[in-house]
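Shown next, in structure tokens, is the structure this report addresses.
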Amino acid sequence: MADLNQQAASRIEALVDLDRYPLADPDARARIVADARAAFADTGAALLPGFLRSEAVAAMAAEALRLLPVAYRRDHMLTAYGQSAEDWMEPDHPVRRTAPYRMWVTATDQMDPAGPTLAVYDWQPLTDLVRDILGLPALYRVADPLMRCNFTILRDGDAHGWHFDGNDFVVSLLLQKPEEGGLFEYAPGIRSGRDENYDGVRAVMDDTPGLTRFQDVAPGTLVLFRGRQALHRVTPVRGARPRVIALLSYDERPEQVWGPDSHRRVFGRTVGEPAVVCV
Ligand SMILES: [Fe+2]
């Protein structure tokens, strides 16, 4: 058992840059958490650049791109709000506008269970770190066999248009940047629980200058983002090299799973069904 634990520890040591992020050192960890918490509270985003070692980034990106032939194609025009418009809203009201949602998505059961990406996702100290940065009393990796951890791959012309997230936070690892585009652009705090600020949202959607920020993220960065009140998008990708991220799913309740309808919406299939080949 001690040997197995040691093997797992040295595996993680090769993947996560524990020299830069010495999470086993209580004082260093407390500083890492405090800095990330402050950034998250201030801007709704916390970035831990260089969290992954460069060899790990390359191995994970390669794993994602190997799965591209069995990835599911999502190509829709979606609204930013995920809710129906009300009668009074004019035809180009922000709630009615649609934007492209174009990307390739892979499910967890397609990933190598002994590969680097799931090794990092299943590393308990990472879950504990995310929990503490978010300031939550408890946090669990989800139990869903398809949704635990996913790659999203944006190729030339793909994009994820303006939207608000329905969940409180998203945790991701950027694994590969495209040649051009694929930038994460956001308008922090553009709305609140009390004020939808449709005029402000409309101005962002109309590309009014000066209203947004770009998150300059290098591959290997761990990103925590709160997108419920921040309008955000990934600008269209240009060039031959795809944009690749790993999405890590967590929940405040243990053993979270989703049903076949959610699986089919995201992956075109549910557990035990063969991949829908879209290439
Ligand atoms: Fe989002």
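The basis for the numbers below is simple: all heavy atoms, side chains too, and nothing from hydrogens, waters or symmetry mates. Indexing begins at 1, ligand by ligand and atom by atom, following the structure's order. If you read the sequence from its start, that first residue is 1, and numbering goes on from there.
Taking Glu86 as the reference, Trp88 meet the side-chain hydrogen bond (donor to acceptor under 3.5 Å, both in side chains) condition, with sequence neighbours excluded.
Cation-pi geometry between Arg269 and Tyr72 is not met at under 6.0 angstrom from the ring centre and within 45 degrees of the axis. Remark: Arg148 fails to qualify as a cation-pi partner of Tyr121 under the 6.0 Å distance and 45° angle criteria applied to the six-membered ring.
In His232, the N, O or S atom that comes nearest to the Fe ion (ligand 1) is NE2. Distances from the Fe ion (ligand 1) to the N/O/S atoms of Asp165 are shortest for OD1.
The Fe ion (ligand 1) lies at 2.8 Å or more from every N, O or S atom belonging to His160.
Arg97 and Asp206 are joined by a salt bridge, as a carboxylate oxygen and a charged side-chain nitrogen come within less than 4.0 angstrom of each other.
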